[in-house]
Structures are given as C-alpha cells and as structure tokens.
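Quick notes on the structure that follows.
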Amino acid sequence: MAVYDTLNDRQKEAVFCTEGPLLVLAGAGSGKTRVLTHRIAYLIEEKDVNPWNIMAITFTNKAAGEMRDRVDNLVGFGSESIWVSTFHSSCVRILRRFIDHLGYNTNFSIYDTDDQKTLMRQILKKLELDPKTFRDRAMLSAISSAKNELMSPEEFRVNAEGDWRAKKIAEVYQNYQEELKKNNALDFDDLIFKTVDLFRTNADVLEYYQERFKYIMVDEYQDTNTAQFRLIELLAGKYKNLCVVGDDDQSIYKFRGANISNILDFESAFPGAKVIKLEQNYRSTSHILDTANAVIRNNQGRKDKTLWTANGEGVPVVFHQYEQAYEEADGIVRDILKDGRDYQNYAVLYRTNAQSRLLEEKCIEHNVPYRLVGGVNFYQRKEIKDVLSYLKTIANGQDDLAVQRIINVPKRGIGAASIGKITAWASEQGMSFYDACARAAAVPGLGKAAGKVAVFTGQIEDFRDALNGGATIREVIEQILADTGYKDELEAEGEIEFQTRMENIEELMNKAVSYSEEVEHPSLDEFLEQVALVADVDRMDDSENRVTLMTLHSAKGLEFPVVYLSGLEDGLFPSRMSIMSDDRTEIEEERRLCYVGITRAKERLVITASRMRMINGETHYSKVSRFVDEIPEELIQMEKLGPRVGRSVNRDEFDDDTLPWNKNQSRLGVSKFGMKSANMASPGFGKAFTVQKPASLDYGVGDRVRHVKFGEGTVLSVKDGAKDFEVSVNFDTAGVKKMFASFAKLQKV
Ligand SMILES: Nc1ncnc2c1ncn2[C@@H]1O[C@H](COP(=O)(O)OP(=O)(O)OP(=O)(O)O)[C@@H](O)[C@H]1O
Ligand SMILES: [Mg+2]
C-alpha cells in the first residue's frame with residue numbers, strides 16, 4: 001500500500017470511500033486532483049474494479065492528459081480503458097454511437113464558432129431581422145446560455161411570452177436548431193445538451209452507460225454548468241458512485257454558465273452524500289497561502305475554509321509597481337534571469353490575452369524561451385500579419401509576399417488566377433509584384449481584375465500620400481482599417497473575434513505610438529525594422545525548458561515553483577467591467593480568479609503592476625489593484641529597483657493624493673490623459689522599443705559585428721543620439737541597416 005502512504009488521513013478517507021456520492025470540497029493545492037488519481041488507482045488495484053467501469057472528467061484536454069499520465073504512473077496497466085476526458089469529448093464518444101436515436105446520423109459534424117456564425121447570419125437574413133438589433137454573436141450567446149440551462153427552443157418561447165425581443169430570439173433559436181439538424185451538425189453546447197436529451201429519452205441507452213460507468217469522478221466540479229450537472233446526475237443515477245472534487249473559491253467560469261450552486265447544493269442533490277474537507281495545502285509556502293487566504297476572505301457568502309501548510313514560511317511575496325507596462329514586462333524577464341532556475345519553473349500569468357505581447361517581446365529580447373499557452377504568438381496572428389503587410393507595402397512595396405498577402409484582404413475580387421498572371425508578368429519584366437500591380441492595365445489577360453487591382457494600388461498610394469503629408473503610423477493604420485474595409489470584414493466575422501482582433505491591432509498601434517514618441521524622426525521603415533527584430537521567433541529552440549505565459553483562466557489546476565502575477569491594476573484586474581457592474585458577484589469572480597492565480601505558486605510569488613499602460617493607444621494611469629491592498633503588509637515586500645527599470649515604491653506612496661487623480665474623481669481609478677500630457681507627466685515615457693542606452697559601445701566604425709537576424713556586417717557609422725546610439729551597419733547579406741544600439745545588441749566579432 002505504499003502509494004497511499006503518501007496521502008494524509010483525510011485524503012485517504014476520500015480515496016477509500018469508493019461507494020456512494022462523495023464531495024471533496026477543499027481549497028487550492030490541498031490534493032483534490034491527487035485524491036482523484038489515487039482513487040482511480042485504488043479502485044483498480046484494491047477493489048478489483050475493471051478500468052472499463054471508471055470515468056474521470058476533467059476540465060481541459062491538457063488536464064485530462066495529465067490525469068491519465070498520473071494514473072499510468074500509479075497503476076501501470078489498464079489505464080487506457082479508463083475514460084479520462086473532458087465533458088465534451090465524452091459526449092462526442094457517446095453520441096457517435098447512439099445519436100441516431102435522436103434522428104441524427106452518427107457521422108454528424110461539429111460546428112466551430114466560425115461555422116456557427118455563418119449559419120447564424122444566414123438565419124438572420126432569412127428571418128429578415130435587422131443585424132444591428134440582432135447581432136449574430138448576441139444570438140449565439142443567448143442560445144448557448146439556453147443550452148447550458150437545458151432550455152429547448154419551445155421552452156425558450158414559452159418563457160419569452162410578452163417579451164418581443166425574447167420571442168424573436170426564440171424564433172432564431174428554433175430555426176438555428178432546425179438548420180443544424182438539416183446539416184446533420186451539432187454545435188459545441190449541443191454535445192452536452194443532446195447527450196442529456198439522449199439519456200432522458202432512451203432509457204436503454206442510459207442504462208447501458210450507467211452500467212458501464214459504475215464509478216464516476218469529476219475534477220474542478222465548481223465550474224460545471226447546469227447541463228453538465230444533469231448529465232452527471234443521469235449517469236450516476238443508478239450506482240451513485242460519484243466523487244466530485246472542487247473548490248467554490250475557484251469558480252471562474254460563470255460567464256460560460258458555470259453554476260456554483262452545483263457544488264454548494266451537492267448534498268441536497270445527492271442525499272446521503274459524504275463530504276470531506278481537505279485542509280492541508282501541499283503546494284505552497286505559508287506566505288503564499290496566507291496571501292491567497294487574505295484576498296479570498298473578502299468575498300461574501302463563501303463556505304469558510306481553513307487551509308494550512310507545513311511547507312514553512314518561504315520567501316516573502318514580492319510586489320513591484322513599475323512606471324510603464326513595458327518596464328513591468330522587462331522587470332519580470334530580468335527577475336527570471338536573476339533568479340536563475342530552469343525556465344520551466346516559471347509561469348507569468350495575466351488577465352487578458354493582449355498583455356502577452358510585451359512579455360513575449362521581452363522574452364525574445366532577453367533570449368528567454370517561452371511557451372504561450374492558449375494563444376498564438378502575437379506576430380503570428382493573422383490580423384497583425386495583415387496590418388504589417390499593408391505597412392510593408394506602403395513602405396516600399398518591394399516585399400512581394402506582403403503585397404500578395406493583402407492584395408485580396410479584405411476581399412476585392414482579385415483571385416489566385418489574377419495574382420498568378422501578375423506574378424508571371426512581373427518576373428518577365430523584372431519588376432516587383434507591386435510595381436506590376438501599379439501597371440495592371442498592361443498585364444496580359446487580367447481583364448476585369450485590372451480595374452480592381454488599380455483600386456488597390458490607388459489605396460496604397462493614398463496611404464503613402466497621407467504618410468508623406470505628416471500622418472502618424474497609427475493614423476495610417478486607422479486609415480487602412482477604415483478605407484480598405486478591413487475593419488468591416490473583421491466585424492462581419494462576429495463580435496467576439498472582432499473584439500479580440502481589434503484589441504491585437506490596437507496593441508500594434510500602441511507600439512507604433514510608443515515608437516513615434518521615442519525617436520526624433522520616426523519613419524515607417526525604421527518602425528518595421530524594429531518590429532522585424534522582435535517578430536522573429538524562429539530561432540527559438542524547441543525544448544520543453546521554457547517559461548510559460550498564459551491567462552489566469554488557463555492556469556487553473558496547474559502549479560509552478562515561481563509565479564508572476566502581472567498587471568495587478570484596478571481596471572485591468574479586477575476588470576473595468578466588473579468594477580463598473582452593480583452586481584457585486586462580478587468583482588467576486590475576479591477575486592476568485594486572483595485566488596486561483598496566487599495559489600498556482602509553490603515557492604515564490606511575484607506580483608507586478610504598472611502605473612501607466614497603453615490601452616487603445618491612450619495612456620491609462622491605474623491604481624494598484626484592490627486585491628493587492630487586501631494583502632496584509634507583513635506578507636508582502638516592496639522591493640526597490642534601479643531607477644531606470646522601475647521606481648522603488650512603498651505602499652504609502654500609492655496614496656491617491658500622490659497620483660494624478662483622487663478618489664472622488666474616478667470611480668475606476670483609471671484616468672485618461674492625452675499622449676502629450678502623459679509624456680510630460682513622466683520623463684521616462686514611451687520607451688517601448690529601447691532598452692537602457694549603453695554607456696559606451698565596444699565597437700566602432702569599421703569594426704565587424706554580428707546581429708542575431710542579419711548576420712555579420714561592418715559598422716558604417718555610430719551616432720550618439722540623445723536616447724541611444726544609432727548605429728549604421730552594412731550587413732554582408734542584408735545590406736545597410738540603421739538601428740539603435742541597445743536594441744540591436746550587436747556583438748563585436
Ligand atoms: N499527501 C500529500 N503528500 C505530498 N504531496 C501532496 C499530497 N497531496 C497533494 N500533494 C501535492 O500537492 C500539490 C497540489 O495537489 P493537487 O494538484 O492535487 O491539488 P488540488 O487540490 O487539485 O489543487 P487545485 O485546487 O489547484 O486544483 C501537488 O504537487 C501534489 O502532488
Ligand atoms: Mg486540482
């Protein structure tokens with residue numbers, strides 16, 4: 001029984017209690033997931049339960065994979081026939097077998113968000129509903145909520161009585177379901193909805209699965225929604241060997257229909273349920289744990305839990321406030337390098353995906369390998385590549401790939417065949433693709449497309465004129481988005497995608513603004529050059545030893561020796577929306593998210609914030625997050641930093657009076673200032689691109705130097721600019737480039 005010896009008594013109790021409903025309700029890091037894996041092992045090894053009869057449900061595919069690994073390690077055999085999967089993938093397996101009972105074909109397709117939107121747009125058109133009043137995204141979200149609550153179109157209609165808009169939505173829902181069925185398709189929410197439907201209407205199918213899954217376990221139970229609850233209730237209906245583990249303090253998916261009462265009402269839903277509370281945290285030091293407890297204590301209406309640890313105090317939690325968001329990112333990466341462990345020991349967590357951009361950049365700049373979880377590398381994102389391709393085309397039009405990328409984005413009716421003809425003629429004439437486009441009328445066989453190409457080059461010329469006439473890069477980007485119809489095309493894809501993509505583009509615009517503020521004579525060429533330096537991530541090696549960058553939401557259930565919680569600013573985290581909401585539970589959900597973040601850390605927790613952050617091209621001044629204020633002073637250490645990287649602060653200095661707002665002025669603690677005033681307010685403003693200017697350079701004119709991207713070259717000139725050395729290098733293959741010394745990091749060879 002050596003395996004179980006590593007469990008404490010409470011954990012053992014939970015592992016050995018195999019029959020009947022069981023709720024393990026416990027705080028973070030108390031070994032809930034560990035109980036589940038050991039319980040599976042115990043069932044198989046000690047209770048002779050056939051692995052085939054065990055189902056374990058986790059929240060993400062990643063968690064499912066980890067759980068299977070853990071079970072594999074413990075049991076070593078038979079783990080492949082245990083169902084360890086997410087709700088959705090379990091349901092797909094069930095439906096692939098039995099959905100014909102509901103009149104679908106078992107080879108049904110699963111619609112992703114894009115498919116859903118396409119379908120929805122068709123329906124809105126068919127029903128002649130004004131797409132401004134009935135936005136596809138809003139419709140889909142209403143339908144999703146209905147499905148999460150197991151509400152059919154008919155029920156929706158009955159509920160909608162007397163409400164004109166709701167009645168319309170009911171009609172949309174009805175049509176949407178009919179179309180899905182016609183296409184033999186299910187959307188994501190249908191997977192669970194239809195499985196519940198199948199079980200409710202087919203007693204024999206339900207019984208088959210009840211017999212099959214004699215033992216059911218659910219991790220992260222606090223985040224199940226009503227439909228998922230029903231599903232579990234049905235499956236466990238016969239044997240009632242259901243073990244769920246969760247932590248009401250970690251419920252962070254209310255916006256996806258998670259219903260916290262599933263966990264709070266477990267005992268009434270499953271009479272005779274045993275409840276076990278785990279109180280020892282094995283993950284974190286007491287400083288970290290006390291910090292987490294101090295924060296979550298501010299939520300009302302929670303089941304009070306005591307959580308202690310024998311891990312010792314550990315090092316204090318550290319808090320840094322930086323002046324600028326890029327300094328914050330830089331400070332984090334430098335701290336990682338200073339701390340000096342293998343990279344895989346670190347996770348940097350943030351509230352919104354847009355925050356990853358600066359972190360990625362600083363990792364690249366400092367040569368720190370990283371993995372971005374649940375997101376695409378900023379510069380690999382379609383919209384960023386598109387906008388950069390426009391800028392490259394405007395800059396000189398010599399980058400054929402860039403021009404070809406956007407010649408039909410947004411759609412201008414210039415097809416692959418036309419592009420092929422232009423390409424062929426361009427190479428025949430020995431000119432660039434863009435130059436050929438500019439002479440479209442001369443391209444043989446282009447026909448009607450020639451006119452469309454001319455419209456495109458006309459637009460590019462307009463943008464060039466604007467730039468030459470003094471427009472800023474940001475203004476040109478805005479003009480591109482509006483004049484080409486790019487923004488409209490994005491918007492047509494649906495609200496969620498639109499918002500995310502626009503946020504990313506806005507990040508790029510922030511970058512352009514920072515750049516323009518920084519240099520005396522900003523130029524598009526130089527901007528693109530600087531972007532190219534950081535956009536190049538290909539040289540990253542492929543090893544597992546990387547820093548993890550991810551949102552707080554995707555960090556659930558995971559643990560890391562060192563965790564950085566970044567962007568702890570009122571208005572960002574907690575989010576501006578939650579602060580403005582009259583519904584107190586919104587802030588409480590943010591606070592739970594903060595609790596999740598803090599409790600990911602095993603040994604070291606570093607909390608960071610920035611006083612200024614660019615959001616949508618405007619500088620926002622933010623107060624330190626209220627969550628930081630909830631941490632008792634004795635637990636948190638304000639560390640002094642060098643003046644260039646960040647200013648040392650102690651809590652008194654955060655007093656509202658010292659900052660350019662006061663409590664009464666701004667409920668949000670966020671004030672907006674125009675760029676100029678922001679610049680005056682802080683002499684250090686706007687250095688998103690430069691690292692500290694080196695005191696001197698160890699190379700001079702005539703020396704040979706190496707650059708990570710451009711290779712070797714000879715230094716042509718060095719200019720001692722106000723903020724940095726400007727170095728001009730003639731690279732052997734890449735030609736002459738002008739760059740900032742601190743940024744280019746040239747090595748003398
Ligand atoms: N009895 C124990 N002895 C030693 N280590 C333990 C014990 N119980 C749990 N741990 C370790 O503590 C850490 C946290 O455990 P686990 O991930 O199971 O907690 P959890 O309650 O699921 O956390 P979360 O709420 O974040 O999901 C893991 O590294 C686990 O291996
Ligand atoms: Mg867990």
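Please read these numbers as outputs of a predicted model, since none were measured by experiment. Whatever order the structure lists ligands and atoms in, that order sets their numbers, starting from 1.
- Near ligand 1, residues Thr6, Leu7, Asn8, Gln11, Gly27, Ala28, Gly29, Ser30, Gly31, Lys32, Thr33, Arg34, Arg70, Glu220, Gln250, Tyr282, Arg283, Gly557, Glu559, Arg600 come within 4.0 angstrom through at least one heavy atom.
- Within the 4.5 Å cutoff, the side chain of Thr309 has no heavy atoms near those of the Ser284 side chain.
- Under 2.8 Å from the Mg ion (ligand 2), one finds the following protein N/O/S atoms: Thr33 OG1.
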Applying side-chain contact (heavy atoms from CB on, under 4.5 Å) to Val333 and Tyr370, what does each step give before you reach the verdict?
CA-CA 10 Å; Val333 177; Tyr370 67 91; over 6 Å; no
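- In this structure, Phe319 and Val624 have side chains that are in contact, with non-hydrogen atoms separated by less than 4.5 Å.
- Under a cut-off of 6.0 angstrom, the local environment of CZ in Phe188 is sparse, with at most 12 non-hydrogen atoms contributed by other residues, nucleotides or ligands.
- The nearest pair of heavy atoms linking Ile288 to Arg604 is CD1-N, 3.8 Å.
- Contact record, Leu572 with Gly567: CD2-O, 3.5 Å, taken as the closest heavy-atom pair.
- Within the 4.5 Å cutoff, side-chain heavy atoms of Leu150 are placed close to those of Arg200.
- In terms of heavy atoms, Asn262 sits closest to Tyr221 at O-CE2, 3.3 Å.
- With Asp247 as the partner, the salt bridge (charged side-chain N to carboxylate O under 4.0 Å, His left out) test is satisfied by one option alone out of Arg592, Arg302, Lys277, Lys305: Lys305.
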